[in-house]
Amino acid sequence: MIHINNIQTLANQRKNLSLPSAAEITLNAEQLTLLPALIDPHVHFRTPGLEHKEDWRTAAKASICGGYTTVFDMPNTLPPTVTAELLREKKQLIDKQLAEAGIPLRYHLFFGADKNHLDEIPKVKAAVIGIKVFMGCSTGNLVIDDDSSLHAVFAIAASQDMLVAVHAEDESMLQQQKIKYSGHTDYSIHSTIRSPEVAARAVEKAIALARLYKTRLYILHVSTLDEINLIKAAKAEGLAVYAETTPHHLFINDSAYEQWRGKVVMNPPIRPAPHQAALFAAIRDNIIDTLGTDHAPHTLEEKILPYGKCPSGIPGIETALPLLLNAYHEGLLTLEHIVALTSTRAREIFRLPVNEDIVLVDLNKQAIVNENTLKTKCGWSPFVGRRLTGWPVYTILGDQLFNLSEIK
Ligand code: DOR
Ligand code: ZN
């Protein structure tokens, strides 16, 4: 058994917990607070084909160190996950890597919508957490850029009671913007090209399709006030529309390009500061449901390439919880908001069964984000150097207790 004594609960009470385990462990948890383990509905762990950036051995350690025991992985791998057969092969590789890591991380996979493989969608209904639609090109070449395929995906999903998750950036607007700003070499042009209007146009379109076909719609990485307003109206209308934001859109704004250059290039891009305040307000107003880290590592060699060659994406699964807990201390979020964002809402939206996984956090621990202790294979973070208050200390996955200071 694992005995956890005198732990602080969210209801501000002290309690003793006993959890089933082969090991006999007793923790004096007086300094610690009990939270449900985190669920990350949006990661790119890079298997298959891109394992020089990350694999499930390194990513599983990074997840546990971040307090996460469940992740949903995206299909923009090499090859992309667009057939039932490719899905099966991907699962086998993941299971092998997790067994090698000795970490039975809970995971689900998104299926990639591809216009040449729409007939594969019903085949994978029971095996996937949802269908991922890239409405605009991002990392990899998965994209649905024509209306008839987009309509077909939403219709099939609704008929199969599958959820559609959208990367909402409008491809035709993106193409125009890229021509308009071609020749610009500063990394900050990324936020001009991928403007708030590009995101809003796609969100508007996705909501219209969800309304038309009665499809359950999950809008990934919401980053702007414009999107929030559209989602607020859709929710008020009673549509099954859910919204995710990310740690980088909450905690980084477009003033970061000067210092961090290619390291803060991601899609959708970082925004001017007022959008950050709007995101926090939307969490407090229950417009934003979840936080997905969009953990999307690329190597340092890739990220120092000039604008245009530097791939979009940043790691984030190890730093999300400390950033949120630090925001709690700053009065931006309550612990209840953090639990809703990182666990409860994802469990409801994606209909996950309940489990007993927990994370024990030291709300008063202060530490500086240090790249030498990161477990992600890419080995860097745009949050390096930030002093944060509130860190996970133990993560319990099933009957396994991980002391996070001992994970090598
Ligand atoms: O910045 C991003 N990186 N956005 C995406 O949509 C994909 C991701 C990746 O896979 O690198
Ligand atoms: Zn992503």
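Each ligand, and each atom within it, is numbered from 1 in the order the structure gives.
- Atom CG of D399 has more than 12 neighbouring heavy atoms from other residues, nucleotides or ligands inside a 6.0 Å radius.
- Under a cut-off of 6.0 angstrom, the local environment of CD in E348 is crowded, with over 12 non-hydrogen atoms contributed by other residues, nucleotides or ligands.
- Crowding of R386 atom CZ: a count of heavy atoms from other residues, nucleotides or ligands under 6.0 Å exceeding 12.
- For the residue pair H337 / Y328, no side-chain donor-acceptor distance below 3.5 Å is found, with atom types taken as modelled.
- Between H42 and H221, the ring-plane angle classifies as tilted under the 30° and 60° cut-offs.
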Nitrogen or oxygen contacts under 3.5 Å, ligand 1 side and protein side:
{"unit_1": "ligand 1", "atom_1": "1 (O)", "unit_2": "N267", "atom_2": "N", "d": "2.8"}
{"unit_1": "ligand 1", "atom_1": "1 (O)", "unit_2": "G313", "atom_2": "N", "d": "3.2"}
{"unit_1": "ligand 1", "atom_1": "3 (N)", "unit_2": "S312", "atom_2": "O", "d": "3.0"}
{"unit_1": "ligand 1", "atom_1": "4 (N)", "unit_2": "S138", "atom_2": "OG", "d": "3.2"}
{"unit_1": "ligand 1", "atom_1": "4 (N)", "unit_2": "N267", "atom_2": "O", "d": "2.9"}
{"unit_1": "ligand 1", "atom_1": "6 (O)", "unit_2": "S138", "atom_2": "OG", "d": "2.7"}
{"unit_1": "ligand 1", "atom_1": "6 (O)", "unit_2": "H167", "atom_2": "ND1", "d": "3.1"}
{"unit_1": "ligand 1", "atom_1": "10 (O)", "unit_2": "H44", "atom_2": "ND1", "d": "3.2"}
{"unit_1": "ligand 1", "atom_1": "10 (O)", "unit_2": "R46", "atom_2": "NH1", "d": "2.9"}
{"unit_1": "ligand 1", "atom_1": "10 (O)", "unit_2": "N76", "atom_2": "ND2", "d": "2.8"}
{"unit_1": "ligand 1", "atom_1": "11 (O)", "unit_2": "R46", "atom_2": "NH2", "d": "2.8"}
{"unit_1": "ligand 1", "atom_1": "11 (O)", "unit_2": "T139", "atom_2": "OG1", "d": "3.0"}
{"unit_1": "ligand 1", "atom_1": "11 (O)", "unit_2": "H298", "atom_2": "NE2", "d": "3.0"}
{"unit_1": "ligand 1", "atom_1": "11 (O)", "unit_2": "S312", "atom_2": "O", "d": "3.0"}

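- Screening W56, F45, F72 for a ring-ring contact (aromatic ring centres under 6.0 Å, His included) involving Y107 leaves a single residue, W56.
- By the neighbour-count criterion of 12 heavy atoms within 6.0 Å, atom NZ of K115 is densely surrounded, having more than that number from other residues, nucleotides or ligands.
- Around the Zn ion (ligand 2), the protein N, O or S atoms found under 2.8 Å comprise H42 NE2, H44 NE2, D294 OD1.
- Counting heavy-atom neighbours within 6.0 Å of K214 NZ, excluding the residue itself, gives a total of 12 or less.
- Side-chain atoms of Y307 and H184 form no donor-acceptor pair, as typed in the model, at a separation below 3.5 Å.
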